[in-house]
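Here's the structure we're looking at; comments come further down.
Treat the numbers as computed from the prediction; the structure is a model and nothing was measured.
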Protein chains: 2
Amino acid sequence: MQYVPLLSSSPRWKRRASARPEEILEAALDEFNERGFDAARMEDVARRAGLSKAGVYLYFPSKTALLQALIQAKVAPLAQQAEMIATAGLADPMGALRALAASVVMRMRDPKTFAVPRLVIGLSGRFPEIADYYREQTVARARGALEQLVKAAIAKGAMRNVDPAAVVRAFVGPLFFEAMWTHVLRGESALNAPEDMLASHFDILLNGLENRA
Amino acid sequence: MQYVPLLSSSPRWKRRASARPEEILEAALDEFNERGFDAARMEDVARRAGLSKAGVYLYFPSKTALLQALIQAKVAPLAQQAEMIATAGLADPMGALRALAASVVMRMRDPKTFAVPRLVIGLSGRFPEIADYYREQTVARARGALEQLVKAAIAKGAMRNVDPAAVVRAFVGPLFFEAMWTHVLRGESALNAPEDMLASHFDILLNGLENRA
DNA sequence: TGCATATAACTGACCAGTCAGTTATATGCA
DNA sequence: TGCATATAACTGACTGGTCAGTTATATGCA
């Protein structure tokens with residue numbers, strides 16, 4: 001078929017090779033997040049990124065490859081940040097824990113923060129490699145960083161000698177649970193009052209529930 | 001094409017209408033859990049349940065209907081149990097919390113326990129009704145039951161006066177988090193030593209982390 | 001006989017991935 | 001500077017395969 005330009009003054013597309021991959025990943029994240037990986041159409045991802053479907057295949061060889069690239073891109077920064085805050089905070093571990101929790105809560109108010117975890121959870125049955133990758137590159141690293149902080153706190157005498165892994169669970173679990181409730185189950189969220197939530201969280205974590213009056 | 005019976009002596013099927021729906025649901029749960037809702041094929045669900053694809057459509061009008069029925073079937077019992085344990089335990093709330101935690105941990109060692117939550121998480125974007133249903137019928141009810149227990153404990157003076165919602169988060173979050181780590185991310189699991197895990201959990205929950213020596 | 005239960009074979013729609021060809025931009029050369 | 005040539009970036013249109021759902025037909029049972 002013959003190509004007929006509508007208006008010679010406005011070009012149909014621009015060449016933007018360097019910006020494309022990131023744009024496509026962003027579009028894919030949104031689309032996968034809204035429809036789920038399988039139900040999402042490459043055509044829609046492409047349109048959202050501002051190019052044609054075939055164009056996407058110039059940058060990513062397959063839908064699965066796009067998924068993997070997406071997770072890789074979104075995964076490393078998170079763990080890195082956790083590790084940085086953790087090592088920087090070894091001098092004042094309790095303060096670092098507080099800062100970390102505050103930062104996590106703030107992040108979690110943004111629905112997009114939960115997009116990748118949600119994808120991983122949904123797809124872990126079919127793509128175990130993705131689950132493994134996410135575990136090692138993100139969650140295990142974050143857990144490790146936190147455990148270092150906890151051990152430092154114990155060594156300094158600022159914290160009782162409790163199993164560090166259990167402390168990490170007690171620290172992260174409630175925040176994770178609330179994020180789930182908010183973004184997946186769309187429930188009324190405590191994340192809307194972050195200060196209150198953080199205060200209660202640390203009150204319980206540090207003082208426990210027992211009535212010592 | 002003509003249908004030719006292979007062996008006239010062995011009947012191709014038996015009349016088992018009453019058992020079918022449950023069998024199909026069970027098969028669907030397994031199949032959805034392993035491949036994900038979209039990637040799962042009705043043909044496979046049918047085969048697993050021991051009948052043909054068309055046969056499944058005698059009992060469920062569509063794949064989505066099957067999904068909904070599945071979630072409805074698996075959802076009510078859990079919340080009911082939580083509510084029962086909770087109301088039964090109002091006399092001894094702290095004991096009831098301990099019993100509940102133990103029961104949850106034991107349940108969570110079975111990978112299938114996590115199948116429905118995993119499905120809901122993965123599909124919540126595309127089927128908000130399912131997320132809403134699950135929230136109201138399961139999680140909200142369980143949360144409510146727990147809050148009742150917590151309020152009873154506070155009233156009895158067995159627990160400090162802390163925001164009950166925060167207590168529930170601190171109670172459930174770590175268990176949920178560990179289940180996730182185990183079944184979704186396939187990590188080395190603390191659930192394999194349930195007594196240790198429960199002991200640490202309650203130690204932190206009741207006494208807190210602060211060093212009061 | 002008649003109805004409920006079942007299936008094999010079929011259909012229609014959808015979509016990941018491909019391909020032949022087009023357009024935007026860069027480069028070489030006068 | 002202006003024009004030819006090269007090629008990177010891009011697209012519309014197509015294909016092959018898959019699969020949810022349907023239909024025509026067969027079988028067990030009262």
Side-chain angles (χ1 to χ4, degrees), chain A residues 1-25 27-28 31-32 34-70 119 123 126-127, chain B residues 1-25 27-28 31-32 34-70 119 123 126-127:
Chain A
M1 193 195 278
Q2 203 67 27
Y3 167 69
V4 183
L6 301 167
L7 290 171
S8 55
S9 57
S10 66
R12 289 200 303 164
W13 47 267
K14 278 186 190 168
R15 125 196 292 241
R16 30 191 342 198
S18 59
R20 283 300 193 205
E22 212 183 339
E23 289 172 350
I24 295 171
L25 286 177
E31 212 66 34
F32 290 174
E34 282 169 23
R35 328 269 284 212
F37 174 72
D38 286 284
R41 297 165 62 240
M42 287 298 268
E43 177 74 42
D44 292 340
V45 171
R47 279 294 208 276
R48 197 161 192 154
L51 76 172
S52 70
K53 182 165 70 144
V56 172
Y57 282 90
L58 296 174
Y59 297 93
F60 301 96
S62 71
K63 196 182 186 185
T64 326
L66 179 57
L67 172 69
Q68 278 163 340
L70 172 61
L119 272 177
L123 296 171
R126 195 149 46 106
F127 301 108
Chain B
M1 194 195 279
Q2 202 68 25
Y3 169 70
V4 182
L6 300 168
L7 290 169
S8 55
S9 57
S10 65
R12 287 197 303 162
W13 44 267
K14 283 182 189 170
R15 157 179 260 252
R16 39 190 331 196
S18 59
R20 285 297 193 204
E22 211 181 340
E23 290 172 349
I24 295 171
L25 287 177
E31 212 65 35
F32 290 174
E34 284 169 22
R35 328 268 286 211
F37 174 72
D38 286 284
R41 297 163 63 238
M42 289 299 267
E43 176 75 41
D44 293 339
V45 171
R47 278 294 208 276
R48 196 161 192 154
L51 76 171
S52 70
K53 183 166 70 146
V56 172
Y57 283 90
L58 296 174
Y59 298 93
F60 300 96
S62 72
K63 196 182 185 184
T64 325
L66 179 56
L67 173 69
Q68 278 163 340
L70 171 61
L119 272 177
L123 296 171
R126 195 149 45 107
F127 301 109

Notebook entry, point to check: At their closest point, which heavy atom of A/S62 faces which heavy atom of A/Y57, and how far apart are they?
Noted result: CA-CE2, 4.0 Å

Notebook entry, point to check: Which heavy atom in B/A46 sits nearest to a heavy atom in B/V56, and how many Å separate them?
Noted result: CB-CG2, 3.5 Å

Next item on the list: Return the value, rounded to whole Å, for the distance between atom CG of B/D44 and atom C1' of D/dA20.
Entry: 13 Å

Note to self: Tell me the interatomic distance from B/R41, atom CZ, to D/dG17, atom C1', rounded to whole angstroms.
What the structure shows: 12 Å

Notebook entry, point to check: Expressed in angstrom and rounded to an integer, what is the separation of B/E23 atom CD from C/dT5 atom P?
Noted result: 14 Å

Next item on the list: Please report the shortest heavy-atom distance between A/D38 and B/D38, naming the atom on each side.
Entry: CB-CB, 3.3 Å

Next item on the list: Stems involving DNA chain C: give each as a range paired with a range, ordered by first number, where a stem means at least three consecutive Watson-Crick or G-U wobble pairs under 3.5 Å.
Entry: C:1-30 with D:1-30

Margin query: In whole Å, I'd like the distance from the CG atom of B/L67 to the C1' atom of D/dA20.
Written below: 15 Å

Checklist line | A/K63 (side chain) donor-acceptor with A/A40 (main chain) under 3.5 angstrom | finding: yes

Checklist line | Whole angstrom value for the distance that separates C1' of D/dG21 from OH of B/Y59 | finding: 18 Å

Item checked: Integer-rounded Å distance: C/dA13 C1' and A/E43 CD -> 16 Å

Next item on the list: Sequence neighbours left out, what passes side chain to side chain donor-acceptor pair (under 3.5 Å) with A/E43? Give chain and number order.
Entry: A/R47

Item checked: Whole-Å distance separating the NZ atom of B/K63 from the C1' atom of D/dT18 -> 11 Å

Notebook entry, point to check: Do you know the tightest heavy-atom contact between B/A49 and B/R20?
Noted result: O-NH1, 3.6 Å

Item checked: Contact residues, residues 50-58 of chain A to DNA chain D [heavy atom, < 4.0 Å] -> A/L51, A/S52, A/A54, A/G55, A/L58

Notebook entry, point to check: Rounded to whole angstroms, how far apart are CE on A/M42 and P on D/dT11?
Noted result: 14 Å

Notebook entry, point to check: For the residue pair A/P21 and A/Y59, what are the closest heavy atoms and their distance?
Noted result: CG-CD2, 4.0 Å

Notebook entry, point to check: With a 4.5 Å limit on heavy-atom distance, are the side chains of A/M42 and A/L66 in contact?
Noted result: yes

Margin query: Heavy atoms only, 4.0 Å cut-off, all strands: where does A/A40 land among base, sugar-phosphate and nothing?
Written below: sugar-phosphate

Checklist line | 5' priority, DNA chain C, between A/P61 and A/A39 [closest heavy atom] | finding: A/A39

Notebook entry, point to check: Should B/L119 and B/L70 count as side-chain neighbours, where that means a heavy-atom distance under 4.5 Å?
Noted result: yes

